[in-house]
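Everything quoted here is computed from the prediction, not taken from an experiment. In what follows, chains carry the letters A, B, and so on, assigned in the order in which the sequence lines appear, proteins first and then strands, with residues in each chain numbered from 1.
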2 protein chains.
Amino acid sequence: MTYAQFSRRARLSRRDLCRRILEGHRDSIKTKKEPTAVKNLELIFDATLKVANAKGFQAMTMRDLSQASGLSMGALYAYFSSKEELLEMVQSTGREVTGRLLREGFEEVRDPVERLATAIRTHVFLSEAMQPWFFFSYMEARHLGKRQKELAKQSELATEKMFADVIRAGQTQGVFNGHDPDLTAALIKAMLQDWYLKRWKYAARRLAVDAYAEMVVKMVMAFCLPVGAVATVSGEKKR
Amino acid sequence: MTYAQFSRRARLSRRDLCRRILEGHRDSIKTKKEPTAVKNLELIFDATLKVANAKGFQAMTMRDLSQASGLSMGALYAYFSSKEELLEMVQSTGREVTGRLLREGFEEVRDPVERLATAIRTHVFLSEAMQPWFFFSYMEARHLGKRQKELAKQSELATEKMFADVIRAGQTQGVFNGHDPDLTAALIKAMLQDWYLKRWKYAARRLAVDAYAEMVVKMVMAFCLPVGAVATVSGEKKR
DNA sequence: GAAAAAAACGAGCGAACGCTCGCTATTTTA
DNA sequence: TAAAATAGCGAGCGTTCGCTCGTTTTTTTC
């Protein structure tokens, strides 16, 4: 799979995302009419991610957010009851969408090698498509309350377990060698995170998202496949 | 090299660190007597890293810092002129010490394979010994001013170039295969960062620093060494 | 198009912020 | 040990923060 294929299939528009958020907060959001609410939620989340990812969520004032979104202070507070709730809304939404799309991304692939490669590619492509959300989730996680922080950790561990399980299954089938699956999964996740955390670096090098994904796949396969196994990972043609 | 050996050799006590900071800011620090100044700088940096790493530097108030350090507001401002300057002091100190120790760590090792492995181990061990500093530098970099932010980026790129150069030298000698050295270095750095950024994860798993370092070394060698090369990386005995 | 309902506004509130400065306490000097 | 020098203190200043609410503007209803 390439990034072009992925983003055609995933169709994760901000509008759909905001509609989901609205459904989840129907009771607390004061605006009655859906089209208006969705439009404004879009403005709010766009502005939040833009300003907060530049200067940090704590440093972003509600006046900043008001200016960046084009909504007044009063209008903003029709959609959340406090700055902290806004933080939780962005976090939980990103978490939910990520988990779902990631699982869907490779569930039908059964060959262990191809399954691991697809999981890696899906994660890179997903974090590319939703880069501001991923960056925000990572950098602002420690400003969450105790309960929400625990959820964020659980989410991270769940993603990692997903990779570890794929590797374990491959080991059982004798396709992968015996390296610790949990630690391997942790290292994979570390490499995947760099793509959305250090975007300035890869943008400066004009590195495409597909190239990055393939590099990570190669590194992981070199580590997980037994010595001597020919590393033809993907069915796609190589140049 | 093991972590025990490294930390015995590096000897990077907080006291020495604070003495260096004092020398670098002799003109702006109002306290005249060195022993007093060093003692208070130690209190200030300890408290800053403790509080800021828990709730973020922006969220840390000067009253928090006063309470955590045991110094009054007035006493704090004898050592820096603004909260922003405190941020820059911590950042620049960490940067300086890191760069120096990292370079010293593997300059005498000449064999490419051993050299790359030593560079990786040194980075992991260094980030373990100075974990609060590394975590702080990473998480608070975007709150710096333009000039300082540029320095932080340059420092990151310099570290990466160090790894890339080691790999390039190994390729010239025909020891490593032809994978892009710059991108490989970026992936190595991503794995190294996870150790000090996600400490809660590895602490929960009771994973030792040496084990982590060896895992990264193995992964990198599997990727960089030509297929078929026996991966006996270190001179140390294996179980 | 008048009345009712919904959405948007933004000045202003109390609280908390970074930082200062007149003062006290401690140490050094002679 | 008196005088001078240094270190330490914390209430209070001006500012800015998150958030509210009485009012105005826009949209819907009939």
| request: Spell out, as yes or no, whether a donor-acceptor pair under 3.5 Å connects the side chain of B/K83 to the backbone of B/M60. | output: yes
| field | A/T48 side chain vs A/I44 backbone, donor-acceptor pair below 3.5 Å | value | yes
| Nearest-nucleotide pick for B/K32, side chain only, options being C/dC19, D/dA7, C/dA7 | D/dA7
| Distance in angstrom units between B/L41 CG and D/dG8 P, rounded | 11 Å
| request: Using a 4.0 Å heavy-atom cut-off across all strands, classify A/M62 as base, sugar-phosphate, or nothing. | output: sugar-phosphate
| query | What is the distance, rounded to the nearest whole Å, between atom CZ of A/R63 and atom P of D/dT16? | reply | 10 Å
| Closest-nucleotide ordering on DNA chain D, the 5'-leading residue of B/M73 and A/D64 | B/M73
| Is B/E128 salt-bridged to B/R121, cutoff N-O under 4.0 Å? | no
| Under 4.0 angstrom, heavy atoms only, what part of the nucleic acid is B/S82 near: base, sugar-phosphate, or nothing? | sugar-phosphate
| said: Is A/K33 close enough to D/dT28 that one of its side-chain N or O atoms is under 4.0 Å from OP1 or OP2 there? | reply: yes
| said: What is the distance, to the nearest angstrom, from the OH atom on B/Y79 to the P atom on C/dT20? | reply: 17 Å
| To the nearest Å, how far apart are B/K55 NZ and C/dC17 C1'? | 12 Å
| task | Please tell me if the side chains of A/W133 and A/L17 come closer than 4.5 Å, counting only heavy atoms from C-beta onward. | result | yes
| note | Rounded to whole Å, NZ of A/K30 lies from P of D/dC19 at a distance of 12 Å
| Would you say a side-chain N or O of A/S72 is under 4.0 Å from OP1 or OP2 of C/dA8? | no
| field | Protein-nucleotide distance (A/L76, atom CG; D/dC17, atom P), rounded to Å | value | 15 Å
| query | Does the ring centre of B/Y3 sit less than 6.0 Å away from the ring centre of B/F125? | reply | yes
| note | Atom NZ of B/K83 and atom P of C/dT20 are separated, to the nearest Å, by 15 Å
| query | Taking atom P of C/dA8 as reference, at what distance in whole Å does atom CD1 of A/I29 sit? | reply | 12 Å
